[in-house]
Amino acid sequence: MAIEITFPDGNVKAFDAPVTGMDIARGISPGLAKKAAVITVDGEQWDLSRPIDRNAAISIITRDKPEALEVIRHDAAHVLAQAVQELFPGTQITFGPATDVGFYYDFARDTPFTEADLEAIEQRMRDIVKRDLPITREVWAREAAIAHFEAQGESFKAEWIREGIGADEELTIYKQGDNWLDMCLGPHLPSTGKLGSAFKLIRVGGVYWRGDANNAQLQRIYGVCFANDDELKAYLKQVEEAEKRDHRKLAKQLDLFHQQEEAPGMVFWHPKGWAIWQAVEQYVRGVYRDSGYQEVRGPQIMDVSLWKKSGHWDNYHENMFFTESEKRTYAVKPMNCPGHVQIYNAGLHSYRDLPIRYAEFGGCHRNEPSGALHGIMRVRAFTQDDGHIFCTEAQVESEVTAFHRQAMKVYEDFGFTDLSIKIALRPDKRLGSDAVWDRAESALRAALRAAGVEWTELPGEGAFYGPKIEYHLKDSIGRAWQVGTMQVDFMMPERLGAEYVDEQSQRQHPVMLHRAIVGSMERFIGILIEHHAGSLPYWLSPVQAVVAPIVSDADGYAGEVTQALRQAGVRVQSDLRNEKINYKIREHATQKVPVIVVVGRKEAEERTVTLRLRGTEQQETLPLADAVRRLVDGV
RNA sequence: GCCGGGAUAGCUCAGUCGGUAGAGCGACUGAUUCGUAAUCAGUAGGUCGCAGGUUCGAUUCCUGUUCCCGGCACCA
């Protein structure tokens, strides 16, 4: 019986017996056989060594193709595992997948891996590559695999076969050479030599077996891996550049804020940092006003009974701060919504009043786990650009759609266009019936559909009171941070007794929408700093202009220029120090000031100024009045 | 919170195989008035994160602790 193989160009070739991808590649050209990484068989990636025993459409993927990269990285993980087991006998293997930029492998070993170990392991990996061990696929019986791993002392692998793999699933083993094997879905390269040299081990970190904090702690070794050395080099260069943008580093260099031991997870804003904050806050305040919100302000602490009623205490009391006075316990607010409900409840509302939109720059405290703290991106005291919309169920979709449009406009205004949008769906621990969750989730989907956007869904990640849309931004080294959110909540109004009177004079609970665009002001400013590498756009720059006289004879005129700009609303400083203009230019350029206003004797006599704009070396001399206008208009 | 690493002058960092520390920048003082990315000279500045222990002696070794960094878990 002949096997018909269809090539990508439509040609069909018949074979008398099962053939492997490698056979086919060799049949075409030795060069192709050398470059081949894997083969797709009817759209599915297979090993080149696996016999194709049926009619199939195939395509040989060479090593330089993007589709091959994941296979290469996955191979790197296995080579890493073999290297570790050769160097450190007794270390157990678990899992090791490819990642966006490389790979990792999780090991069980009592002794921690050190930096020096990483170097030795990487060397051994290169050695295994050099040995060019053939990688072969075998299908094993379930019991045989369990017996093998148990005999080897690989209890994690054995556990996974028992608990993680269905009895009817095929169990594949990959051998690297004769003496090492791992259980894996594959596919893999034909031999370790195909991995190449463009990989590097970068760090080791602790992880939990199967991602559960109740389980054993494993050690994860991370590596980066690319198809060739140039790509690896480019990647390492990019990481180096990204590290220079770290908001914690820039905050020190630019004197924006600091944090200290006595207030872990909290921020001391310096004048320049606070100027950025004010620019952001004033902008967002304008958004509130233009989109129909009324700004309000709730108390910072409220009796714990209110948080028990809302459900927050049950779900989050371990992460809340409490304070006591006169035998009463108060919670420092971790959210603004219960406060806003109190404001809503202070009056009687008609359906005609809805939607009612409250907004607040609400300061919240959450006792985040110490290991979660990260600069100003993840803190214990933060301020949300929070808002709550009280509306009818029929109004939800249009409110959510309007919010989405507004949010996207805000991100764009701050220079962000690369956002990912997610809907977090019902978690295991939640309030309310499935029917209510169905309605809430479909309301969010409908609104996003109406707005014409794409999203991904995160099952189990919603808030306990409702599902949410999340807007995610990436920081300079690729970590994603949630900024905005829109949550539909059918529960809180009922729990906290919010009502309105409907057309039939009946009391109803409104739907409550929780929403934020920048999210945490702290985090958003951190992302802004990294995104712009500290060179914030003119309108956000803490110091927009510095007036620098060349000689002290021009100090008086420099003072006049500074006054004129300040009165026009420009955030301006003067630099009258007894230093050369070169020195001043260098310093303010380093400080990323957008405009340096240079005045010498000539400018003082002619009542002009010379502007030097950030990022250029050009100078432009113009009359003072014109310069003021330029700076007011945003240069 | 868990695993690993770290903490030395305002900042960036060096150093002490145990004998109480050093550079550059910055600050201060003086000189210099110099037209677009660092003018010169001098001076001051540190209980080496904190608390115990070992030791004749600890910034160095040990223990604990706080905070920070990386990873995981968590993130209303």
Side-chain angles (χ1 to χ4, degrees), chain A residues 104 106 110-115 202-222 246 248-249 252-253 255 258-265 307 310-320 333-338 364 366-375 377-380 382 384 424 427 429-431 461-466 468 470 477 481-482 485 487 489 492 514 519-520 523 548-555 578-591 596-603 610-612 616-619 621:
Chain A
Y104 64 77
D106 294 345
D110 291 337
T111 319
F113 291 114
T114 65
E115 289 288 312
I202 50 170
R203 68 175 66 94
V204 55
V207 296
Y208 299 108
W209 167 239
R210 293 164 81 169
D212 187 333
N214 298 311
N215 287 345
Q217 189 125 29
L218 309 174
Q219 296 184 69
R220 175 173 297 175
I221 297 179
Y222 286 88
D246 189 310
R248 293 163 299 191
K249 242 180 219 175
K252 237 180 229 175
Q253 283 162 22
D255 194 18
H258 84 271
Q259 297 175 280
Q260 67 185 46
E261 268 195 46
E262 290 80 356
W307 302 101
S310 71
H312 288 99
W313 197 90
D314 284 339
N315 284 279
Y316 290 107
H317 67 98
E318 283 181 1
N319 297 307
M320 289 166 69
K333 71 172 165 165
M335 290 190 86
N336 305 300
C337 38
C364 296
R366 294 180 187 173
N367 198 1
E368 304 284 3
S370 56
L373 303 179
H374 180 91
M377 300 291 211
R378 188 83 184 269
V379 287
R380 290 196 174 132
F382 59 97
Q384 289 174 308
K429 202 175 167 191
R430 60 179 182 261
L431 302 175
E461 296 200 12
F464 70 89
Y465 50 74
K468 54 182 181 173
E470 297 178 354
I477 48 178
W481 299 95
Q482 183 188 312
T485 183
Q487 311 175 2
D489 179 2
M492 207 60 64
H514 307 243
S520 148
R523 171 177 303 173
I550 295 168
V551 290
S552 51
D553 287 355
D555 284 1
N578 177 15
E579 295 288 355
K580 287 169 67 171
I581 193 63
N582 284 317
Y583 183 91
K584 295 183 186 179
I585 296 280
R586 178 185 156 79
E587 177 153 306
H588 299 120
T590 307
Q591 286 292 307
I596 302 174
V597 183
V598 178
V599 294
R601 286 204 186 87
K602 190 159 72 84
E603 283 84 355
T610 298
L611 302 184
R612 180 187 168 119
T616 81
E617 289 174 20
Q618 289 166 20
Q619 305 165 36
T621 303

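A, B, ... follow the sequence lines: proteins, then strands. Residue 1 opens every chain.
Remark: C1' of B:rA76 and CG of A:N336 are 11 Å apart, rounded to the nearest angstrom. In this structure, A:D255 places its CG atom 13 Å from C1' of B:rG26, rounding to the nearest Å. To the nearest angstrom, P of B:rG4 lies 13 Å from CG of A:L218. B:rC34 atom C1' lies 17 Å from atom NZ of A:K602, rounded to whole Å.
Distance check on atom C1': B:rG46 versus B:rG15 gives 14 Å, rounded to whole Å. Using P as the reference atom, B:rG18 and B:rC61 are 8 Å apart when rounded to the nearest Å. Nucleotides B:rG49 and B:rC69 place their C1' atoms 15 Å apart, quoted to the nearest Å. With P as the reference atom, B:rA38 and B:rG45 are 31 Å apart, rounded to whole Å. Using atom P as the reference point in both B:rA58 and B:rG19, the two lie 11 Å apart (nearest Å). Annotation: B:rU36 and B:rA44 have their C1' atoms spaced 33 Å apart (nearest Å). Between B:rA21 and B:rU16, the distance separating the two C1' atoms is 8 Å to the nearest Å. Separating the C1' atom of B:rU59 from that of B:rG22 is a span of 14 Å, rounded to the nearest Å.
Atom CZ in A:F382 sits 7.0 Å away from atom CD in A:E368 (nearest 0.5 Å). Considering CD of A:Q619 and CD1 of A:I596, their distance stands at 10.5 Å, rounded to 0.5 Å. In this structure, the separation between CE on A:M335 and CD on A:Q384 is 6.5 Å, given to the nearest 0.5 Å. Between A:N315 atom CG and A:W307 atom CH2 the span is 13.0 Å, to the nearest 0.5 Å.
In summary, A:E617 and A:R612 do not engage in a salt bridge, as defined by a charged side-chain N under 4.0 Å from a carboxylate O.
Considering only residues two or more places apart in sequence or on other chains, A:R366 meets the salt bridge (Lys or Arg N to Asp or Glu O under 4.0 Å) condition with none of them. A search for side-chain contact (heavy atoms from CB on, under 4.5 Å) contacts involving A:T114 returns A:A116, A:D117, not counting sequence neighbours. Legend: residues meeting side chain to side chain donor-acceptor pair (under 3.5 Å) with A:D255, ordered by chain and number and at least two apart, are absent.
Residue-level contact check: A:K468 touches the backbone only, with heavy atoms under 4.0 Å from sugar-phosphate atoms and none from bases. Using a 4.0 Å heavy-atom criterion, one finds that A:F113 contacts no nucleic acid atom at all. A:P112 comes within contact range of the sugar-phosphate backbone alone, with a heavy-atom separation under 4.0 Å but no base atom that close.
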What string of B, S and - do you get for nucleotides 67-74 of chain B 5' to 3' if you count protein non-hydrogen atoms under 4.0 Å?
SSSBBBBB

What string of B, S and - do you get for nucleotides 36-44 of chain B, 5' to 3', when a contact is any protein heavy atom under 4.0 Å?
BBBB-----

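Aromatic ring orientation, A:H374 versus A:W481: tilted (interplanar angle from 30° to 60°).
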Intra- and interstrand pairs of RNA chain B - dot-bracket, Watson-Crick/G-U under 3.5 Å, | marks other strand
(((((((..((((.....[..)))).(((((.......))))).....(((((..]....))))))))))))....

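A close approach under 4.0 Å does occur between a side-chain nitrogen or oxygen of A:K252 and OP1 or OP2 of B:rU12.
When atom types are taken as modelled, the side chain of A:K468 and the backbone of A:H514 share no donor-acceptor pair closer than 3.5 angstrom.
Scanning all heavy atoms of the two residues, the minimum distance from A:R220 to A:D106 falls at NE-OD1, 2.6 Å. Considering every non-hydrogen atom in both A:Q487 and A:A463, the closest pair reads OE1-CB, 4.3 Å.
Here A:Y316 counts as stacked on B:rA76: its ring centre is under 5.5 angstrom from the base ring centre and the planes meet at under 30°.
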